[in-house]
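First comes the structure, then the notes that go with it.
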Amino acid sequence: QVQLVESGGGLVQPGGSLRLSCVVSGRIFKVNTMGWYRQAPGKERELVASITSGGNTNYADSVKGRFTISRDNAKNTVYLQMNILKPEDTAVYYCNSNTLLVGLFRSLEVWGQGTLVTVSS
């Protein structure tokens, strides 16, 4: 009933930029908080940034001032603009969406498949 399509990622030099995006589709009644997580090799998955349906944002300290999360409610899409990338940003990035479906009285946590971001010269 819910599909999530994620795009972006790739190899970028330190100081460079990438833009990630993901879209949630299906019988959607409402998309609540959306977020981006990342997991580096040997480390726990961590929240990078989140954004509520009203547009309130939250960022990990390590990315403040460099990353920007945004959303397009009409498209049920969330974006992550990543600037001034550092080698320590290298990780698999996952999109997450809390989604309320038509006909259900509960929300679902929807995850993307993940996209690899590699920051290296």
Side-chain angles (χ1 to χ4, degrees):
Q1 291 184 292
V2 181
Q3 299 84 41
L4 190 149
V5 179
E6 186 177 75
S7 63
L11 176 64
V12 64
Q13 298 181 35
S17 299
L18 285 174
R19 187 182 190 235
L20 308 181
S21 64
C22 70
V23 57
V24 180
S25 62
R27 297 187 66 194
I28 299 170
F29 182 78
K30 180 178 175 60
V31 177
N32 299 311
T33 300
M34 306 177 79
W36 288 95
Y37 294 73
R38 69 185 181 187
Q39 187 167 23
K43 296 185 178 180
E44 296 279 335
R45 185 176 298 189
E46 64 174 346
L47 175 67
V48 177
S50 65
I51 183 168
T52 69
S53 60
N56 294 321
T57 59
N58 183 50
Y59 297 92
D61 289 340
S62 59
V63 306
K64 287 181 179 178
R66 300 187 298 119
F67 290 12
T68 302
I69 188 170
S70 61
R71 64 189 290 165
D72 186 333
N73 290 332
K75 298 180 179 179
N76 294 323
T77 301
V78 64
Y79 307 91
L80 184 67
Q81 179 66 47
M82 304 183 293
N83 299 323
I84 320 175
L85 283 162
K86 304 175 180 180
E88 49 264 44
D89 293 319
T90 297
V92 177
Y93 285 70
Y94 300 89
C95 177
N96 172 270
S97 175
N98 182 276
T99 306
L100 181 63
L101 301 180
V102 174
L104 295 180
F105 295 98
R106 63 183 178 90
S107 62
L108 298 176
E109 292 291 330
V110 184
W111 289 90
Q113 295 298 310
T115 183
L116 177 63
V117 172
T118 302
V119 184
S120 177
S121 60

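Small disclaimer: the values here were computed from a predicted structure and weren't measured. Heavy-atom basis, side chains included; hydrogens, waters and symmetry copies ignored.
- Note that Arg45 lies in the cation-pi zone of Tyr94, set by a 6.0 Å cut-off to the ring centre and a 45° limit from the axis.
- Enclosure of atom CD in Gln39 by more than 12 non-hydrogen atoms of other residues, nucleotides or ligands within 6.0 angstrom is indicated.
- Here the straight-line distance linking atom CD of Gln81 with atom OG of Ser17 works out to 5.5 Å at 0.5 Å rounding.
- Linking Ile, Leu, Val, Met, Phe, Trp and Tyr residues whenever their side-chain heavy atoms come within less than 4.5 Å leaves Leu20 and Leu11 in two separate clusters.
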**OP:** Determine, step by step, whether Thr33 and Asn98 satisfy the side-chain hydrogen bond (donor to acceptor under 3.5 Å, both in side chains) criterion, reporting the C-alpha distance in whole Å, the side-chain angles of both residues, the deciding distance to 0.1 Å, and the verdict.
**Re:** CA-CA 6 Å; Thr33 300; Asn98 182 276; over 6 Å; no
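- With contacts defined as side-chain heavy-atom distances shorter than 4.5 Å, the pair Cys22/Gln113 does not qualify.
- Under a 3.5 Å cut-off, the side chain of Arg66 and the backbone N or O of Ile84 do form a donor-acceptor pair.
- You'll find the side chain of Asn96 stays beyond 4.5 Å of the side chain of Val110, heavy atoms only.
- In terms of modelled atom types and a separation under 3.5 Å, the side chain of Glu6 and the main chain of Thr115 share a donor-acceptor contact.
- Of all the heavy atoms in Leu80 and Ala49, the pair that sits closest is CD1-CB, 4.3 Å.
- Nearest heavy-atom pair, Cys95 versus Val78, reported as atom, atom and distance to 0.1 Å: SG-CG1, 3.4 Å.
- Considering only residues two or more places apart in sequence or on other chains, Val23 meets the side-chain contact (heavy atoms from CB on, under 4.5 Å) condition with Val5, Thr77.
- Contact check for Pro14 versus Pro87: side-chain heavy atoms found under the 4.5 Å cut-off.
- One N or O on the side chain of Arg71 and one on the backbone of Thr52 form a donor-acceptor pair closer than 3.5 Å.
- Using a cutoff of 4.0 Å between basic side-chain nitrogens and carboxylate oxygens, Asp89 and Lys86 are not scored as salt-bridged.
- No side-chain donor from either of Thr90 and Thr118 sits under 3.5 Å from a side-chain acceptor of the other.
- Residues Ala60 and Leu47 share a closest heavy-atom pair of CB-O, 3.5 Å.
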Subject >> Chi angles and distances behind the side-chain contact (heavy atoms from CB on, under 4.5 Å) call for Ile28, Leu100 >> reply: CA-CA 6 Å; Ile28 299 170; Leu100 181 63; over 6 Å; no
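- Note that OG of Ser25 is 4.5 Å distant from CD of Gln3, once rounded to the nearest 0.5 Å.
- Sorted by first and then second residue, the ring pair (Phe, Tyr, Trp, His ring centres under 6.0 Å) pairs involving residues 18-67 (not counting sequence neighbours) are Tyr37-Trp111.
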Original post:
Could you go step by step and tell me if Ser62 and Arg38 meet the side-chain contact (heavy atoms from CB on, under 4.5 Å) rule?
Top reply: CA-CA 12 Å; Ser62 59; Arg38 69 185 181 187; 3.3 Å; yes
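- Shown are Asp72, Thr68, Ile69; of these, the side-chain contact (heavy atoms from CB on, under 4.5 Å) with Tyr79 is made only by Asp72.
- Listed here is the closest heavy atom pair of Ser97 and Thr99: OG-OG1, 2.9 Å.
- Summarising the local packing, CD of Glu109 is surrounded by more than 12 heavy atoms from other residues, nucleotides or ligands at distances under 6.0 Å.
- Side-chain contact annotation: Asn32 with Ser53, donor-acceptor N/O pair under 3.5 Å absent.
- Taking 4.5 Å as the limit, every side-chain heavy atom of Val48 sits out of range of all side-chain heavy atoms of Met82.
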